Amino acid sequence: MASDFFIYPEYEVVRDQDRCNLCKVCVRQCANGVHEYIAETHKLVSDEAKCVNCQRCVVYCPTRALKIVKSSNTYKENAHWSGATINELYRQAATGGVLLSSMGNPQKYPSYFDRILINASQVTNPSIDPLREPMETRVFLGPKPQRIERDSSGRIIPRLGPHLKLTMPMMFAAMSYGSISYSTHESLARAAETLGIMYNTGEGGLHENLYRYGKNTIVQVASGRFGVHPDYLAAGAAIEIKIGQGAKPGIGGHLPGAKIVGDVARTRMIPEGSDAISPAPHHDIYSIEDLRQLVFSLKEATNYQKPIIVKIAAVHNVAAIASGIARSGAEIIAIDGFRGGTGAAPTRIRDHVGIPIELALASVDQRLRAEGIRDRVSLVISGGIRSSADIVKALALGADCVYIGTAALLALGCHLCRSCHTGKCNWGIATQVPELVKRLNPEKGAEHLVNLLTAWQHEIKEMMGGMGINSIESLIGNRLMLRGIGLTEKELAILGIKHAGE
Amino acid sequence: MHLSAENLPFRELNERVKAAPGEVQIDNCYGQPFVGSGCKDKSIIIYGTPGNALGAYLDGAEIVVHGNAQDAVGDTMNDGRIVIHGHAGDALGYAMRGGKIYVRGNAGYRTGIHMKQYQEKRPVIVVGGKVGSFLGEYLAGGLIVVLGLGVEEIPVGSFTGTGMHGGRIYIRTKQKLSGLPPQVTAEIASDAEMGEIMPFLAEFAGLFDLDLKQFAFDQYYVLKPNAKSPYKKLYTAH
């Protein structure tokens, strides 16, 4: 950074010298090189300019001598030009570069999940206690039959196409090997197997060691087709065509050559050091008819054994697009809202493109029902799911299932420092540096993921029980269980819910 | 085994092709898509016009078309060989990683885009005539050769090699190549560079019964990416 554009460090490392015993754990734990031991003065010092506030040193300091606080250095107060805005401008003036950042949109946009409340039964239609009565959280993703057919002895003739069967309405969202580490992928795969759900390879191929988790794997096909070959397609339980991503709608993926090393290169099947570019457009898809062709070419290549998912970002005319996808032959539509995470995205795109998933979901569900084609597809939504309450609200707004990305990474130790694009994740998640990758133990990681989702599953059962509902199927699209709070008529109309008190 | 594709829906045709061992000959092919998709070890000979996505994800099989092919031939092909005696449509060899495609006639827009190579896998496309615009966009690996046989003008369209960051494109023309994007450098191919494609030119000549001397020793341009990582200077961390 040119000195003309000095930017004061965003954070301060506060070291309590009375507590610090000079053990130097902080030096060893920080891949950004913030901490340094000065032998002459027998002191630990910090270069805060390198700190991303990932909290690794704070967590690992055995004497609790460290904390990271927001710097109090301020520009002259200005309601229009915030310090962050000014700093971003300086960075660009100094480098001429596109601002790059990671994880989901952190800006102050309304969260509709926080303005929706859930119903419970009182007196009539009594609530159900999940501790003493069976509660069904199992979901099936795929088309539902239009009618039931029976044979001459009255038995139902099953005519179901390929489906995904999940023990609970949650799956791990697509995150590619390359953007995240091998340990992270293995943690997700193990947890998915234990839980009876799915994880998603993202567009970076499937590591050969993880083929054995195939029946809990969704394999992704994106425009760059990295690591895509017939055995890969056959390995998963479903195939997802990635059209878009909530964090960067209209923008493709670009894993820089520096991250294409060793097994990442092998799994993507490209040479080490080569850029992995997945442009936003699939240059063989310019219409729903073209999409249908890709859907069916994948079905043909896998003998119609796998459901096909089409993943799009939540954008302005998402309902019309989803209607097209529902007619493309795909069994499942995944919609990713603007809070969705990413390993790297241009900041302006992440923060300004796309729409909230709650509105996108509600409008897609309404549109598909209005057109009488809702049963042809299942809806999976993602982009900012933080808790079981968000999931219950999403299901009642019409989702069949949710993808969990950021929340899963938090369970693995992520502290949301939003610096994935630097490749130096101290928690061993968004990095390919071997010493960092091994910090995440896949066995432990899987255990934490299983803990989180099991807890959420139980909370979902309790909320369902409160509503007097004992099956997820009765919750999906059940908008009567929701009320808005502090929402306008228009917002309520789009969400298809009443206001609290109505 | 002989199959008549007349009045056969594509799904049924493809099921029968997959079920048949060894060599299959399809007669009267009328635009059925996805023929041979994902096939590993068989030989499919087609008379007529197969539909889109012929040989998608092909993984070792051989397909010969006596006629024209349509769009998306060899999409994400991993291994094998596709020989087309007529013309091919758009997006030929999209994201192809291995194997070879030989087209005697012309190919459409977006030929060989996203092709990549990996270790021993190095995909090859040879087009006898000319191709449309966007040839080899985002090219990350492999070889594309455009022969321009019987074509006086430059045998490629606009935007050739945009976003190219690996691989090679060879273009046979007496004209001076111009208007290429900044990611690409173009030079007259040296003898050593010609040596790299000679086996494929010989295979092409053999497949289509042509005289190698009529086209293999003319002036070829070779297009290469001018930086291995063209995008890395684009961003500033934040």
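Proteins get letters first, then strands, A, B, ... in listed order; numbering begins at 1 in each. For clarity, every value in this text was computed on a predicted model and none was experimentally measured. Only this structure's heavy atoms are used, side chains among them; waters, hydrogens and symmetry mates stay out.
The residue among Ala301(A), Ser278(A), Pro271(A), Pro279(A) with the most heavy atom pairs within less than 4.5 Å of chain B is Pro279(A). For the set Asn52(B), Asp79(B), Asp90(B), the count of heavy-atom pairs under 4.5 angstrom toward chain A peaks at Asn52(B). Annotation: maximal heavy-atom pairing with chain B below 4.5 Å, among Glu10(A), His283(A), His229(A), occurs at His283(A).
Contacts of Tyr57(B) with chain A are made by both backbone and side-chain atoms, with heavy-atom separations under 4.5 Å. Looking at Asp75(B), only its side chain comes within 4.5 Å of chain A, counting heavy atoms on both sides. Looking at Glu15(B), neither its backbone nor its side chain comes within 4.5 Å of chain A, counting heavy atoms on both sides. Neither the backbone nor the side chain of Ala234(A) comes within less than 4.5 Å of any heavy atom in chain B. Only the side chain of Leu233(A) has a heavy atom closer than 4.5 Å to any heavy atom of chain B.
Annotation: cation-pi geometry satisfied between Arg11(B) and Tyr304(A) (NZ/CZ under 6.0 angstrom from ring centroid, within 45° of ring axis).
Around the OH atom of Tyr109(B), the shell of radius 6.0 Å holds no more than 12 heavy atoms that belong to other residues, nucleotides or ligands.
Using the six-membered ring where Trp is involved, Phe5(A) and Tyr90(A) have ring planes that are tilted, between 30° and 60° apart.
Taking the six-membered ring for Trp, Tyr138(B) and His165(B) have ring centres at least 6.0 Å apart.
Counting heavy atoms from C-beta on, the side chains of Met77(B) and Ile82(B) come closer than 4.5 Å.
Inspection of the Asn87(A) and Tyr8(A) side chains reveals no N or O donor paired with an N or O acceptor under 3.5 Å.
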